[in-house]
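Following: one structure in structure tokens, then a few remarks.
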Amino acid sequence: MTAPPDEVPLTPAVVRALLVEQHPDLADLPLGRRYAGWDMAMYRLGDDLAVRLPRHAASVGSMESELRWVARLSAGWTFPTQRVVRAGTPGAAYPWPWAVVAWLPGVTAAEVPLTADAGPDLGRALAQVHVPAPPDAPSNDEQSIPLADRTDGVVRALARVEQTARARGLRLDRERAERLWADALAAPVDLPTSWIHADLHPFNLLSVDGRFGGVLDWADVSGGDPATDLGFLWLALPAAGVTAALDAYGGVSDATAARARGTGLAMAAGWVGHEDGSPQEIGWRALVELGVVVPVGRWLSTHAHRPG
């Protein structure tokens with residue numbers, strides 16, 4: 001999938017004009033390179049800041065949520081994150097709200113994967129995020145949904161995994177995958193609707209030589225099941241790191257652990273179908289860590305003496 005183009009001009013000149021107009025004390029800081037995601041563009045500003053702007057109308061609501069909710073929620077967080085430093089309003093030929101945010105050192109965990117040692121810090125960070133959400137918290141169309149609503153997508157994604165695994169010397173353990181998904185669907189939701197990041201994949205986590213460096217991009221912040229964010233852990237960490245993260249989180253019930261594994265399976269299987277190489281590799285790695293994809297040789301030795 002290719003990210004959509006900017007719907008409005010998002011040039012350094014536009015960003016500079018917004019700063020001059022609304023935050024003149026920051027306007028003389030040097031503008032650095034542009035970073036563009038699906039929804040937002042970001043220009044580094046000086047050494048410690050960045051300017052973050054919606055790229056298209058559909059992402060304006062996400063920026064409004066960041067400005068309304070994340071600025072308030074993050075006041076008590078102790079982990080590194082992209083805090084809102086200043087709010088911006090439409091102006092200077094730019095029609096939407098925008099923000100100046102903190103700049104964090106490091107690279108994404110998609111570029112330098114987190115090691116198992118990063119698990120405890122990430123688990124403690126999520127424990128701070130996952131507090132009960134109010135009734136008017138935003139809802140995310142993809143993540144604030146019951147696990148059962150993901151079933152059709154999981155079935156299609158696992159079929160694709162099964163078809164493509166052999167070329168990598170891997171095999172889907174369909175029995176284990178189906179049991180994991182069935183256990184997730186049967187697990188009751190035993191936690192209140194809480195604030196969740198809702199997009200906690202490795203492109204939104206920072207790595208500093210494999211250590212946890214912080215959380216990026218709160219565009220999808222919403223109310224949901226904390227197990228959703230916990231499911232993303234398998235995309236970001238080796239299995240030992242997931243265990244360490246859950247321990248530092250404060251532990252979870254068997255039901256929450258089952259829902260988290262189910263979410264992890266849904267995410268990982270879906271990422272395998274991504275057209276870009278890096279998300280594909282993340283998806284395959286997560287499926288291995290979940291134990292539902294194994295090397296062909298290991299699968300054959302394990303199953304050689306089973307009846308049938």
Side-chain angles (χ1 to χ4, degrees), residues 3-112 114 121 125 128-129 197-209 211-221 278:
D6 295 344
E7 290 182 5
V8 296
L10 272 177
T11 64
V14 169
V15 174
R16 181 72 68 192
L18 286 169
L19 291 168
V20 168
E21 179 182 274
Q22 299 181 35
H23 299 288
D25 59 316
L26 303 178
D28 290 334
L29 294 174
L31 277 178
R33 63 170 285 194
R34 167 180 159 138
Y35 300 82
W38 188 277
D39 294 314
M40 305 284 175
M42 190 167 67
Y43 283 90
R44 189 167 182 180
L45 180 64
D47 293 331
D48 303 316
L49 300 171
V51 180
R52 182 166 160 82
L53 313 97
R55 298 181 55 235
H56 44 84
S59 60
V60 171
S62 295
M63 175 55 67
E64 290 172 342
S65 288
E66 289 189 50
L67 292 172
R68 178 184 178 186
W69 296 110
V70 180
R72 186 185 316 170
L73 291 167
S74 65
W77 296 344
T78 61
F79 59 91
T81 192
Q82 211 169 38
R83 297 177 187 276
V84 175
V85 176
R86 303 279 184 90
T89 57
Y94 182 77
W96 302 319
W98 52 284
V100 177
V101 299
W103 177 267
L104 301 177
V107 299
T108 71
E111 184 176 345
V112 176
L114 298 176
D121 285 342
Q128 293 182 31
V129 174
H197 181 280
D199 202 25
L200 201 71
H201 52 67
F203 290 94
N204 284 337
L205 293 170
L206 278 176
S207 170
V208 179
D209 298 326
R211 303 185 307 275
F212 172 65
V215 181
L216 304 176
D217 192 355
W218 293 89
D220 290 319
V221 66
S278 181

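Side chain of H56 to backbone of W38: a donor-acceptor contact under 3.5 angstrom is found. Under a 3.5 Å cut-off, the side chain of R52 and the backbone N or O of M40 do not form any donor-acceptor pair. Judged by distance alone, with hydrogens and angles left aside, the side-chain atoms of S207 form no donor-acceptor pair with the main-chain N or O of L114 at under 3.5 Å. In terms of modelled atom types and a separation under 3.5 Å, the side chain of R44 and the main chain of D47 share a donor-acceptor contact.
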Can you give the donor-acceptor pairs under 3.5 Å from side chains of residues 6-15 to other protein atoms, not counting sequence neighbours?
residue, atom, partner, partner atom, Å
D6, OD1, R34, NH2, 3.1
D6, OD1, R55, NE, 2.7
D6, OD1, R55, NH2, 3.1
D6, OD2, R34, NH1, 3.0
D6, OD2, R34, NH2, 3.0
E7, OE1, A57, N, 3.0
T11, OG1, A13, N, 3.4
T11, OG1, V14, N, 3.2

Acceptor/donor pairs from residues 98-109 side chains to any protein atom, 3.5 angstrom cut, sequence neighbours excluded:
residue, atom, partner, partner atom, Å
W98, NE1, T89, O, 2.9
T108, OG1, A110, N, 3.4
T108, OG1, E111, N, 3.4

Worksheet item: Is there a side chain to side chain contact (heavy atoms under 4.5 Å, CB included) between V208 and L206 once you walk through the steps?
Response: CA-CA 7 Å; V208 179; L206 278 176; 5.6 Å; no
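No side-chain heavy atom of D199 sits less than 4.5 Å from a side-chain heavy atom of W218. Under the 4.5 Å side-chain criterion, counting only non-hydrogen atoms from C-beta, F79 is not in contact with S74.
The shortest heavy-atom contact between D25 and R86 is OD2-NH2, 2.7 Å.
Legend: residues meeting side-chain contact (heavy atoms from CB on, under 4.5 Å) with E64, ordered by chain and number and at least two apart, are V60, P97.
Ion pair R16/D28 not flagged as a salt bridge, since none of the NZ, NE, NH1 or NH2 atoms sits closer than 4.0 Å to an Asp/Glu carboxylate oxygen.
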